[in-house]
Asks: 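Below is the structure I would like to discuss, written out as C-alpha cells.
From a predicted model like this one, the values you see are computed outputs, not experimental measurements. Each chain gets a letter, A, B and so on, in the order its sequence line appears, and its residues count up from 1.
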Number of protein chains: 2
Amino acid sequence: MKPIAESTVRRLSLYLRFLEEFEAQGQLTISSGELAVSRGTTSAQVRKDLSFFGSFGKRGLGYDVRDLIGSIRQILGLHRTWSVVIIGAGKIGAALAQYRGFATRGFHVVGIYDKDPARIGTKLGEITVRSDLEIERDIERLRPQIAVLCVPGEVAQAVVDRVTDAGITAVLNFAPAQVQVPNGVTMRAVNMATELEILAFGLSHPEELAS
Amino acid sequence: MKPIAESTVRRLSLYLRFLEEFEAQGQLTISSGELAVSRGTTSAQVRKDLSFFGSFGKRGLGYDVRDLIGSIRQILGLHRTWSVVIIGAGKIGAALAQYRGFATRGFHVVGIYDKDPARIGTKLGEITVRSDLEIERDIERLRPQIAVLCVPGEVAQAVVDRVTDAGITAVLNFAPAQVQVPNGVTMRAVNMATELEILAFGLSHPEELAS
DNA sequence: GATAACTTGTGAACGATTTCACAAGCCCTC
DNA sequence: GAGGGCTTGTGAAATCGTTCACAAGTTATC
C-alpha cells in the first residue's frame with residue numbers, strides 16, 4: 001500500500017463523525033457530495049480519500065451509512081481498543097482524563113501519573129492519580145500503546161525518554177516543547193499557543209492566509 | 001503579497017520558540033541550519049519561510065537572534081496584544097483560562113463564560129466566570145478579537161453564531177463538532193479525538209503513514 | 001586587496017496533494 | 001430490457017508546497 005497523507009487520515013476521522021450523526025438521524029445512505037458539504041471539502045476529495053483503501057460505495061446510489069462507518073473505523077484502527085496513559089495530572093491532564101470523547105472511540109485511559117504528592121491519590125472520574133515512579137512498572141504490566149504528555153515543557157523530553165524506553169510507541173504531546181522520539185515511535189504535538197498565533201496571523205494579514 | 005501557507009505560519013511560530021530559547025542562552029546570532037536542526041526541517045525551508053516576508057539575515061553570517069525574534073513577532077502579529085474570551089468553563093475551558101502560555105505571548109483572557117450557575121462566580125486564576133448571558137454585552141464592550149470555544153459539541157454551532165454576531169472575527173474551537181462560520185471569520189479547530197485517531201492509524205498501519 | 005570559508009535569498013526542479021473530467025455501474029420507470 | 005438520471009472510482013491535469021542548487025554578499029586571514 002502506498003503511503004497515506006496525514007491530511008487524508010484527518011479527513012477520514014471527520015467523515016466518521018458526520019456519518020455517526022447521519023446514522024443517529026436515521027439516514028441509511030449518503031453520497032460523497034453530502035458528506036463533502038458538511039465538511040467544507042469536495043465530493044472528489046471524499047471519493048479519492050476512500051479510494052486509497054478500497055471501494056465502499058455503489059455507483060448511482062452512494063454509500064451505505066452503517067457500512068461506511070464500519071469501514072472507516074476499520075481503516076483508522078478503531079475496531080479494537082487502545083490503552084492510553086496520561087502523564088501529568090495538572091489542569092490539562094485532568095481534563096483529558098475525564099474527557100468522554102476518548103472512551104467512546106475505544107481509547108481507554110488506564111493510568112494517570114504525577115510527581116506532585118498533593119495530586120497522587122486524588123480521583124479523576126474513574127481513575128486515581130498514581131506516582132510517576134510507577135510509570136515504568138505500569139507500562140510493562142498494562143502495555144498501553146499511547147502516552148499523552150501533559151507535563152511542563154522543561155521536563156517533556158525526559159518524560160518522553162522514560163515512556164519510550166518502557167515500550168510506548170505513540171505519543172501525543174500537549175507540552176509546549178519540541179521533543180525528539182526514537183525511531184519507530186510516532187509523535188504528534190498539539191500546541192495551544194501556536195493555534196492562537198495562526199489566528200493572530202490571519203487577523204493581522206487579512207486575505208493573505210491560504211485557507 | 002501572495003497567500004501564505006498555513007504550514008509556513010506554523011513553522012514560524014516554532015522558530016520563534018527556539019529563537020527565544022537561544023536568546024535566553026545568550027546566543028547572539030544563528031544560521032538557518034541551526035534553526036532547522038532544532039526543529040527537524042531543512043535550512044532551505046527556514047530561509048524560504050522567511051523569504052515570503054522579506055530578508056532578515058546577513059549573507060555569510062546568519063541572523064541576529066534578537067532582530068529575528070522581533071521580525072517574526074511582527075510577522076505573526078504578536079507585537080500587539082489580543083483579547084480573548086473563553087466560552088465554557090468546564091475542564092478544558094478552565095485549564096485554558098489558567099494557561100500561562102497565552103499571557104506570555106500577548107493573548108489576554110478578558111472573560112470566561114458558562115451557563116451553569118454552579119460555575120458562575122467561581123475564580124479561575126485572575127478571572128471570574130461570568131454568566132453566558134453577558135457574552136454579547138461584554139464582547140461589545142471589551143471588543144475581544146478571538147473566542148475560544150470549550151462547550152459541548154451540541155451547542156457549539158449556536159455559541160459560534162452568538163459570538164460572531166456580536167463581532168468576534170476569529171474562533172478557536174475545542175468543541176468536538178464541525179461548525180460553520182460566516183464569511184470574514186477565521187476558524188480553527190483542535191480535536192483531541194482526531195489526534196488520537198491519527199496515532200491509532202499509524203499504529204495500525206506501520207510504515208504507511210506519510211511522515 | 002585578494003582569497004577562502006561561510007551563509008543568505010531565490011528561481012527552477014521536484015514531489016505531493018487536490019481538482020477535474022469522464023467511463024462504468026446501478027436503480028427506476030416504462 | 002432499453003433509456004434516463006444519478007453517483008462512484010480513477011487516471012490525468014493542475015495546483016500547491018518543499019527541496020535543490022547556485023549566484024551574491026559578508027567576514028576573516030594573509
Side-chain angles (χ1 to χ4, degrees), chain A residues 1-15 18-19 22 27-65 67-69 71-72 75 198 201 207-211, chain B residues 1-15 19 22 27-69 71-72 75 198 201 207-211:
Chain A
M1 195 191 262
K2 50 166 81 82
I4 303 296
E6 182 191 306
S7 49
T8 293
V9 180
R10 169 165 269 121
R11 281 190 300 267
L12 287 173
S13 165
L14 294 175
Y15 300 154
F18 278 106
L19 287 165
F22 282 118
Q27 187 166 345
L28 297 178
T29 191
I30 193 169
S31 70
S32 56
E34 286 175 277
L35 206 39
V37 293
S38 63
R39 219 242 108 230
T41 185
T42 68
S43 62
Q45 179 84 78
V46 172
R47 296 198 301 277
K48 184 63 103 180
D49 285 337
L50 291 169
S51 77
F52 294 122
F53 302 97
S55 40
F56 305 101
K58 281 210 174 59
R59 294 172 188 226
L61 239 191
Y63 302 87
D64 180 278
V65 173
D67 288 355
L68 191 53
I69 287 175
S71 301
I72 295 181
I75 291 166
I198 297 173
F201 178 87
E207 314 290 328
E208 279 163 25
L209 183 60
S211 65
Chain B
M1 196 189 262
K2 49 167 82 81
I4 303 297
E6 183 190 307
S7 49
T8 293
V9 180
R10 169 166 268 120
R11 282 190 299 268
L12 287 173
S13 166
L14 294 176
Y15 301 154
L19 286 164
F22 282 118
Q27 189 167 342
L28 297 179
T29 193
I30 193 170
S31 70
S32 57
E34 287 175 276
L35 206 40
V37 293
S38 62
R39 218 240 110 232
T41 186
T42 67
S43 63
Q45 179 82 79
V46 172
R47 295 197 301 275
K48 183 64 100 180
D49 285 338
L50 291 170
S51 77
F52 294 123
F53 302 97
S55 40
F56 305 101
K58 280 210 174 57
R59 294 174 187 224
L61 238 191
Y63 301 88
D64 180 278
V65 172
R66 298 195 71 166
D67 288 355
L68 191 54
I69 287 175
S71 301
I72 295 182
I75 291 166
I198 297 173
F201 178 86
E207 314 291 328
E208 278 163 27
L209 182 60
S211 66

Asks: With a 4.5 Å cut-off on side-chain heavy atoms, are B:Arg10 and B:Ser13 touching?
Replies: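 Counting from C-beta outward, B:Ser13 and B:Arg10 never come under 4.5 Å.
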Asks: Mind running side chain to side chain contact (heavy atoms under 4.5 Å, CB included) on B:Leu14 and B:Thr41 for me, showing each step along the way?
Replies: CA-CA 11 Å; B:Leu14 294 176; B:Thr41 186; over 6 Å; no
Asks: Hey, can you pull the donor-acceptor pairs under 3.5 Å for the side chains in residues 42-56 of chain A, sequence neighbours left out?
Replies:
residue: A:Thr42; atom: OG1; partner: A:Gln45; partner atom: N; Å: 3.1
residue: A:Ser43; atom: OG; partner: A:Arg47; partner atom: NH1; Å: 3.3
residue: A:Gln45; atom: NE2; partner: A:Asp49; partner atom: OD1; Å: 3.4
residue: A:Arg47; atom: NH1; partner: A:Ser32; partner atom: OG; Å: 3.2
residue: A:Asp49; atom: OD1; partner: A:Thr8; partner atom: OG1; Å: 3.3
residue: A:Asp49; atom: OD1; partner: A:Arg11; partner atom: NH2; Å: 2.9
residue: A:Asp49; atom: OD2; partner: A:Arg11; partner atom: NE; Å: 2.7
residue: A:Asp49; atom: OD2; partner: A:Tyr15; partner atom: OH; Å: 2.7
residue: A:Ser51; atom: OG; partner: A:Lys48; partner atom: O; Å: 2.8

Asks: Closer than 4.0 Å, any side-chain N/O of A:Thr42 to the OP1 or OP2 of C:dT19?
Replies: yes
Asks: Can you check whether B:Thr41 has a side-chain N or O nearer than 4.0 Å to OP1 or OP2 of D:dT18?
Replies: no
Asks: Summarise how protein sits on nucleotides 24-30 of chain C as a single string, 5' to 3': B when a protein heavy atom is under 4.0 Å from the base, S for sugar-phosphate-only contact, - for no contact.
Replies: BBSS---
Asks: Which parts of residues 43-51 of chain B get close to DNA chain D, meaning a heavy atom less than 4.0 angstrom away?
Replies: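 Heavy-atom cutoff 4.0 Å gives B:Ala44, B:Gln45, B:Arg47, B:Lys48.
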Asks: Mind listing the closest non-hydrogen atom pair of B:Leu19 and B:Val65 along with its distance?
Replies: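 Smallest heavy-atom distance, with atoms named: O-CG1, 3.7 Å.
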Asks: Within this structure, what is the CZ-to-C1' distance between B:Phe52 and D:dC16, rounded to whole angstrom?
Replies: 10 Å
Asks: Looking at A:Ser55, does any N or O in its side chain come under 4.0 Å of the phosphate oxygens OP1/OP2 on D:dT8?
Replies: no
Asks: Between A:Tyr63 and D:dC6, does any side-chain N or O lie under 4.0 Å from OP1 or OP2?
Replies: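 Looking at the OP1 and OP2 atoms of D:dC6, neither is under 4.0 Å from any side-chain N or O of A:Tyr63.
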Asks: In whole Å, I'd like the distance from the CZ atom of A:Arg10 to the C1' atom of C:dT18.
Replies: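 From A:Arg10 CZ to C:dT18 C1': 17 Å.
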Asks: For the helix from C:dG1-D:dC30 to C:dC30-D:dG1, what angle separates the axis at the start from the axis at the finish, each from five pairs, in steps of 10°?
Replies: 0°
Asks: Tell me, please, which residues at least two apart from B:Arg66 pass salt bridge (charged side-chain N to carboxylate O under 4.0 Å, His left out).
Replies: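 Expected list: B:Glu23.
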Asks: I want to check one thing: is the phosphate of D:dG17, taken as OP1 and OP2, less than 4.0 Å away from some side-chain N or O of B:Ser7?
Replies: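 No, B:Ser7 has no side-chain N/O under 4.0 Å of OP1/OP2 on D:dG17.
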Asks: Can you pull the salt bridge (charged side-chain N to carboxylate O under 4.0 Å, His left out) pairs that have at least one residue in residues 55-65 of chain A, sequence neighbours excluded?
Replies: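 Salt bridge (charged side-chain N to carboxylate O under 4.0 Å, His left out) check on residues 55-65 of chain A returns no pairs.
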Asks: Output the rounded distance in Å from CD1 (A:Ile30) to P (D:dC6).
Replies: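 In whole Å, D:dC6 P and A:Ile30 CD1 are 18 Å from each other.
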Asks: Quick one: on DNA chain C, does A:Arg11 or B:Ser31 contact a more 5' nucleotide (nearest heavy atom)?
Replies: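 Nearer the 5' end of the strand: B:Ser31.
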Asks: Would you give the length of the straight line joining atom CG of B:Leu12 to atom CD1 of B:Ile75, rounded to the nearest 0.5 angstrom?
Replies: 6.0 Å
Asks: Are A:Ser32 and D:dT8 close enough that a side-chain N or O sits under 4.0 Å from OP1 or OP2?
Replies: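 Yes.
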Asks: Could you tell me how far apart A:Asp64 (CG) and D:dT7 (C1') are, to the nearest whole angstrom?
Replies: 15 Å
Asks: For B:Phe201 and A:Ile4, run side chain to side chain contact (heavy atoms under 4.5 Å, CB included): C-alpha distance rounded to whole Å, both residues' side-chain angles, the deciding distance at 0.1 Å, then the answer.
Replies: CA-CA 10 Å; B:Phe201 178 86; A:Ile4 303 296; 4.1 Å; yes
Asks: Quickly work out the A:Tyr15 OH to D:dT8 C1' distance and round it to whole Å.
Replies: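 Distance check: A:Tyr15 OH to D:dT8 C1' gives 14 Å.
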